[in-house]
Amino acid sequence: MSDVSEPILEVRDLSLAFGGLKVLTDVSYTVPKGSVTAIIGPNGAGKTSMFNCISGFYRPKSGAIRFQGTDIGHLHPPQRAELGLARTFQNIALFRGMTVLDNIKLGRHAHMKTSLFDALAYFGRARREETELRAEVEEKIIDFLEIDHIRNKPVASLAYGLRKRVELARALAMKPKILMLDEPVAGMNREETEDMARFILDVKEEWGVTILMVEHDMGLVMDLSDHVVVLNFGQVIAAGKPAEVTSNEDVIRAYLGSGDVEVLRRTVQGEVAA
Amino acid sequence: MRIATAKESYAADEALFDTPTQRVWLALFVAVCALFPFTANEYWLYMACLVAIHVISVTGLNIVTGFTGLVSLGQAAFMGVGAYTVAVAETRFGTPVLLNLIAAGAITAAVGAVVGIPSLRVKGLYLAIATIASSFILHFVFANWNSVTHGVSGISLPPASILGVEFGRPFALYFLIVPIAFLAVFSASNLFRTRIGRAFIAIRDRDISAEVLGIPLLRYKLMSFALSSFYAGVAGGLWAYFFRVVTPESFPFVYSIFFLAAVIVGGMGSILGSILGAVFMTMVPEVLKLGVGVMSPFLSDAVALLSPVRTIVFGGLIIGFLIFEPHGLAEIWRRIRRFFHLWPFKT
Ligand SMILES: Nc1ncnc2c1ncn2[C@@H]1O[C@H](COP(=O)(O)OP(=O)(O)OP(=O)(O)O)[C@@H](O)[C@H]1O
Ligand SMILES: [Mg+2]
């Protein structure tokens, strides 16, 4: 089904360079609406840079990014967020000075209307919007991600796995149309990884949100994704169904070349066979 | 010991003072403030007015520096803009007091937004220096724009008068200044329950992520500067009505350091901290004066030492708090409170 549906995100001939360093070269791929699309590739392949281009934080040298059929290349990051491009960060980017609840609420910022004057008086619109937001965050996000017990904790006091979960919660508060997850299970134990996999599938199926994720855990990629894009040295070397991609010669060579021989044997062959 | 409170609804949980105990304390505090003028002498009323003016200015500075993470050393100069606005409005146009104060806030907000423009490019030390530069430019304007500011001789004002009631003595001024300080603090507390306050804190903690999550940095940094300056402008306007003479010397650079010290000593990013910092820092010079009084029989030039010693003490407090209690008096206060809440059970 994901093959026939229209793309929600289209990346065309995207190139990015820092000085002489070519980070991305003519990268093209599409993310089918309603799919889980994974971007994989060795360390330094340019996956996070790819996300930063989509978010609008990096300005690509050339190429186009189309979201729901329109070019978003000229939009600033906050405008892209408002359109429904939500993301999490590889090196968790929570706001240390805020509680879990406030971190999550912050995600809704672009969709709220409270003005400075409303805010100072906390009257009318401010009160209404904040109360509605609180109810929605509690009922739809906090319950769903099972983080009731930490809602009033400062984020600095949380364990790593929980921080990743709070980041997901904040991204969900952004009313995402496409959710970009940068290594959602990196550094997690098996149980935490399984929880996260369940959340990602639920978000896709129950919330109808398209997922674009970068992940090194091949088990997770095989289990969740409908579509895989392989990036190596800033270039797409393969794309397709998970099984097709992992049996691709170029892909295997890319992983071998990066020195991850053992990792590759265990993950690609082991998981695909299983 | 207090018993845990069950929350009835999210709206109740979002309230500013969400437990009955807190509301009782607030009511008590308001009552004490209302009765204070009838029991205090002229000196303490004078101090209370000064503290209230400082509370407004420190709260404003805390919004931009403590909550948004943009260091500003221009707060005193901004107060100067507000004070001159009121002085000119009062002596030239004789417009109503409250209108003058609002104008002082608005004009200072506009000046503050302009001064804040470099914050889009530079942070930390560089921004601090940019704001210092702006504050020296403002002083130059105060001293040299003779047709408006009367140069070094400054402007003298008549006492504020609202509906025929004259606010000349500290007793009367108290009833003008303290309610405005309450309003200022209350509004700032509200701000940090909404998306705007969250955006400020997010910019302080991680500006790049904040932008990717939907916060336009340009708009919010300037908004923070403008709001902070609005507070400074109103505080400066009240200052003008309080001292009734405004000169370029009224708002020296060390006064900006005084406000920054109050933010740090009270607690960066804390409304309560702004109040505690303002009270504490306003009292420090008074305590030093007392000290000088005690020392003068033994030390012939004790009075001459007052000013340099005061500057050294401000600096020492900034350094001491940054090292030993970066969250300021507000954190010390929280620890004390926690102790009593849990008492007699040990934490
Ligand atoms: N802001 C930047 N300035 C200079 N070089 C950068 C910048 N961002 C990324 N790079 C470089 O671009 C290349 C790709 O980095 P990127 O973080 O996108 O890789 P990645 O695929 O996400 O790797 P990993 O799997 O380790 O997260 C690296 O060589 C990195 O050093
Ligand atoms: Mg990466």
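Residue numbers begin at 1 in each chain, while the letters A, B, ... track the order of the sequences. Values reported hereafter were calculated over all heavy atoms of this structure, with side chains retained and with hydrogens, waters and symmetry mates removed.
- Contact count against chain B (heavy-atom pairs under 4.5 Å) is highest for A/P78 among A/P77, A/P78, A/A81.
- When the shell of 6.0 Å around CZ of B/R121 is examined, it contains 12 or fewer heavy atoms from other residues, nucleotides or ligands.
- Environment of CH2 in B/W333: sparse, with no more than 12 heavy atoms of neighbouring residues, nucleotides or ligands closer than 6.0 Å.
- Atom CZ of B/F192 and atom CG of A/D102 lie 11.5 Å apart (nearest 0.5 Å).
- Listed here is the closest heavy atom pair of A/G97 and B/D205: N-OD2, 2.6 Å.
- Salt bridge status for A/R80 with B/E211: absent, with no side-chain N to carboxylate O gap under 4.0 Å.
- Atom OH of A/Y160 has more than 12 neighbouring heavy atoms from other residues, nucleotides or ligands inside a 6.0 Å radius.
- Using a 4.5 Å cut-off between heavy atoms, A/L94 touches chain B through its backbone atoms (N, CA, C, O) alone.
- Separation of atoms OG (B/S209) and CD (A/E167) is listed at 8.0 Å; rounding is to 0.5 Å.
- For B/I208, the part lying near chain A is the side chain, with the backbone staying farther off; criterion is any non-hydrogen pair under 4.5 Å.
- Residue-environment remark: NZ (A/K22) stays at or below the threshold of 12 foreign heavy atoms within 6.0 Å.
- Within the 4.5 Å cutoff, the side chain of A/F89 has no heavy atoms near those of the B/R206 side chain.
- Within a 6.0 Å radius of CZ in B/R23, more than 12 heavy atoms belonging to other residues, nucleotides or ligands are found.
- The shortest non-hydrogen separation linking A/L106 to B/A202 is CD1-CB, 3.5 Å.
- Expressed to the nearest 0.5 Å, how far OG1 of A/T99 lies from CZ of B/R198 amounts to 9.5 Å.
- Looking only at heavy-atom pairs under 4.5 Å with chain B, the residue among A/M98, A/R96, A/R87, A/H111 that has the most is A/M98.
- Of the listed residues (B/L191, B/L217, B/L183), the one with the most heavy-atom contacts under 4.5 Å to chain A is B/L191.
- Interatomic distance, B/T194 OG1 to A/M112 CE, rounded to the nearest 0.5 Å: 7.5 Å.
- Looking at B/V212 and A/N52, their side chains never come closer than 4.5 Å, going by heavy atoms from C-beta outward.
- Contact of A/A121 with chain B is made through the backbone alone, with heavy-atom distances under 4.5 Å.
- Looking only at heavy-atom pairs under 4.5 Å with chain B, the residue among A/L133, A/D118, A/I92 that has the most is A/I92.
- Residues A/L120 and B/N190 are not in side-chain contact: their nearest non-hydrogen atoms beyond the backbone lie 4.5 Å or more apart.
- Per-residue heavy-atom pair counts under 4.5 Å with chain B were compared for A/Q79, A/H76, A/E132, A/K105, and the maximum is reached by A/K105.
- Contacts of B/L227 with chain A are made by side-chain atoms alone, with heavy-atom separations under 4.5 Å and no backbone atom involved.
- Between B/L213 and A/H109 the shortest side-chain heavy-atom distance does not fall below 4.5 Å.
- Looking at every heavy atom in both residues, B/G214 comes nearest to A/A110 through O-CB, 4.1 Å.
- If you take CZ on B/R195 and CZ on A/R108, they are separated by 12.5 Å, rounding to the nearest 0.5 Å.
- With values rounded to the nearest 0.5 angstrom, B/R204 atom CZ is found 10.5 Å from A/F95 atom CZ.
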